[in-house]
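Data block below; observations after.
Note that this is a predicted model, so its numbers are computed, not measured.
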Amino acid sequence: MKESAVKKIAVLTSGGDAPGMNAALRAVVRTANYYNIECYGVREGYNGLIHDEFLKMGARSVKNIINQGGTILKSARSMEFKTKEGRQKAYDNCVKHGVDALVCIGGDGTFTGAKIFNEEFGIKVLGVPGTIDNDIFGTDNTIGYDTALNTAMEAIDKIRDTATSHNRVFFVEVMGRDAGFIALNSGLATGALDILIPEKKDSIDELFANFRSAEKTGKASSIVVVAEGEKLANVYELAEKTKKEFPDYDIRVAILGHMQRGGSPSCADRVLASRLGYGAVTGLMEGQTNVMAGMRSNDVVYTPIEEAIKKHNEINQDLLLISEILAI
């Protein structure tokens, strides 16, 4: 590789934590170390840039973290970084430490901050998509999504045991913010009767029709998976409306919540994080800036951060059809 376009980088994790962030951090630090680039870790995201929480990191700084959930650098949402004064402090600290590029691991809020920082002060930035929601354009999967999906699947499998034992109907809410990727795929994987996601126009009548069809085929228990961003109604309202329509049903609600964000990352997330962390450093070395490293068709690609923020991954319509067919 020709002479690097960067000499000293800093890496931070920002926004919601996701399994695999530590694996990405490890890859950034060790790739930088391999290419003789100085590397700092910044504690608590953009707050750390502002308050000078820079830590010199070497290969041993990231030992034994590839299997850990969360982020050893900690994460925070910084209100101060949204101000020009806050960003000026952050830039002054980057200058103080001689940092000429940032690797920002997080979601669209993290990338928005990185983009503005680059445009105002010229410091090179490269994003790595770390969010369980899988809602970032420019990558087939985001770091943490596969682990969260498997966590949701395993939890729903356990809930089904209870549902079957007591002939109950469970409405299960999964995370994903405004995206239905976790709901759709975990619902398909667990044989849900219905899957309600914000990307499609759901109706209460269709939900009731599915319950009636299930009754005719002899189903005595059912699982309905609901994305937290579902527009039709929240999970409690859906359960209440269903109880009014089917008073004999024994209905329960389960909200999986933040357990989906924790835990040891899956193999897929560890490999993805390692490849994207490596790609972030080598991208900066090649002169890339204001872009996000992502994975498309098993290759590392770079997408302008503006596109990654503004565009959205599309729900696979075939999966919707398959989930309906197999729920019979």
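- Using modelled atom types and a 3.5 Å distance limit, the side chains of Asp92 and Gln88 yield a donor-acceptor pair.
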Verdict with reasoning, Glu38 to Lys7, per side chain to side chain contact (heavy atoms under 4.5 Å, CB included): CA-CA 7 Å; Glu38 286 189 65; Lys7 303 297 182 187; over 6 Å; no
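- Counting only heavy atoms from C-beta outward, the side chains of Ile136 and Met292 approach each other to under 4.5 Å.
- Under the 6.0 Å cut-off for aromatic ring centres, Tyr46 and Phe117 do not qualify, their centroids lying 6.0 Å or more apart.
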Residues Glu230, Lys200; criterion salt bridge (charged side-chain N to carboxylate O under 4.0 Å, His left out); working and verdict: CA-CA 9 Å; Glu230 169 59 26; Lys200 69 182 176 77; over 6 Å; no
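- Ring geometry for Phe181 versus Tyr145: interplanar angle over 60°, hence perpendicular rather than tilted (30 to 60°).
- Among residues two or more places apart in sequence or in another chain, the salt bridge (charged side-chain N to carboxylate O under 4.0 Å, His left out) test is passed with Asp100 by none.
- Here the side chains of Arg87 and Glu120 are in contact, with some heavy-atom distance below 4.5 Å.
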Evaluate the criterion ring pair (Phe, Tyr, Trp, His ring centres under 6.0 Å) for residue pair Phe208 and Phe246; output intermediate values, then yes/no. CA-CA 9 Å; Phe208 292 165; Phe246 302 95; 5.7 Å; yes
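- Within 6.0 Å of the CD atom in Glu240, the count of heavy atoms belonging to other residues, nucleotides or ligands does not exceed 12.
- Both Ile9 and Tyr34 sit in one connected hydrophobic cluster of ILVMFWY residues. Membership requires side-chain heavy atoms under 4.5 Å apart, directly or through other members.
- Counting only heavy atoms from C-beta outward, the side chains of Val42 and Val11 never approach each other to under 4.5 Å.
- Across all non-hydrogen atoms, the minimal contact from Ile305 to Gly127 is CD1-N, 4.4 Å.
- Residues passing the ring-ring contact (aromatic ring centres under 6.0 Å, His included) test with Phe137, sequence neighbours excluded: none.
- A salt bridge links Glu80 with Lys89; the closest basic N to acidic carboxylate O contact falls under 4.0 Å.
- Under the 3.5 Å distance criterion, the side-chain polar atoms of Asn22 are matched with a main-chain donor or acceptor of Gly69.
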Verdict with reasoning, Leu25 to Val62, per side chain to side chain contact (heavy atoms under 4.5 Å, CB included): CA-CA 8 Å; Leu25 167 64; Val62 289; 4.2 Å; yes
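- In this model, a donor atom of one side chain and an acceptor atom of the other lie less than 3.5 Å apart for Tyr249 and Glu215.
- In this view, Glu199 satisfies the salt bridge (charged side-chain N to carboxylate O under 4.0 Å, His left out) rule with no residue, not counting sequence neighbours.
- Counting only N and O atoms by type, the side chains of Asp17 and Ser75 include no donor and acceptor under 3.5 Å apart.
- Residue Phe211 is grouped with residue Val253 when hydrophobic side chains (ILVMFWY) are merged at heavy-atom distances under 4.5 angstrom, including chains of intermediate members.
- For the pair Ile197/Leu320, a side-chain contact is recorded, criterion being any heavy-atom separation below 4.5 Å from C-beta on.
- The side-chain heavy atoms of Met21 and Gln68, taken from C-beta on, include no pair separated by under 4.5 Å.
- Donor-acceptor pairing under 3.5 Å is recorded for the side chains of Thr147 and Asp269.
- Look at Glu228 and Arg177 and you find no salt bridge, because none of the NZ, NE, NH1 or NH2 atoms lies under 4.0 Å from a carboxylate O.
- In summary, Glu306 and Lys311 do not engage in a salt bridge, as defined by a charged side-chain N under 4.0 Å from a carboxylate O.
- Partners of Glu119 under the salt bridge (charged side-chain N to carboxylate O under 4.0 Å, His left out) rule, at least two apart in sequence or in another chain, are Lys115.
- Using a cut-off of 4.0 Å between Lys/Arg side-chain N and Asp/Glu carboxylate O, Asp146 and Arg270 are scored as not salt-bridged.
- Val125 and Phe81 fall within the same hydrophobic cluster, defined by Ile, Leu, Val, Met, Phe, Trp and Tyr side-chain heavy atoms under 4.5 Å apart, directly or through other members.
- The aromatic rings of His97 and Phe54 sit parallel to each other, their planes meeting at less than 30°, with 60° as the upper class boundary.
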From CA spacing to verdict: side chain to side chain contact (heavy atoms under 4.5 Å, CB included), Ser186, Ile156: CA-CA 8 Å; Ser186 64; Ile156 297 169; 3.9 Å; yes
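- Residue pairs meeting the side chain to side chain donor-acceptor pair (under 3.5 Å) criterion with at least one member in residues 312-328: none, sequence neighbours excluded.
- Aromatic pair Phe171/Tyr236: centroids not less than 6.0 angstrom apart.
- Residues that satisfy the ring-ring contact (aromatic ring centres under 6.0 Å, His included) test with Tyr91, not counting sequence neighbours, are Phe121.
- We find the CG-OG1 distance between Asp133 and Thr142 to be 7.0 Å, quoted to the nearest 0.5 Å.
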Could you go through the side-chain hydrogen bond (donor to acceptor under 3.5 Å, both in side chains) check for Asn298 and Arg275 one step at a time? CA-CA 10 Å; Asn298 208 32; Arg275 292 189 68 180; 3.0 Å; yes
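- Hydrophobic clustering (side-chain heavy atoms under 4.5 Å, transitive across Ile, Leu, Val, Met, Phe, Trp, Tyr) groups Tyr35 together with Val300.
- Around NZ of Lys74, the count of heavy atoms belonging to other residues, nucleotides or ligands within 6.0 Å does not exceed 12.
- No donor-acceptor distance shorter than 3.5 angstrom exists from the side chain of Glu173 to the backbone of Val235, with no hydrogens or angles considered.
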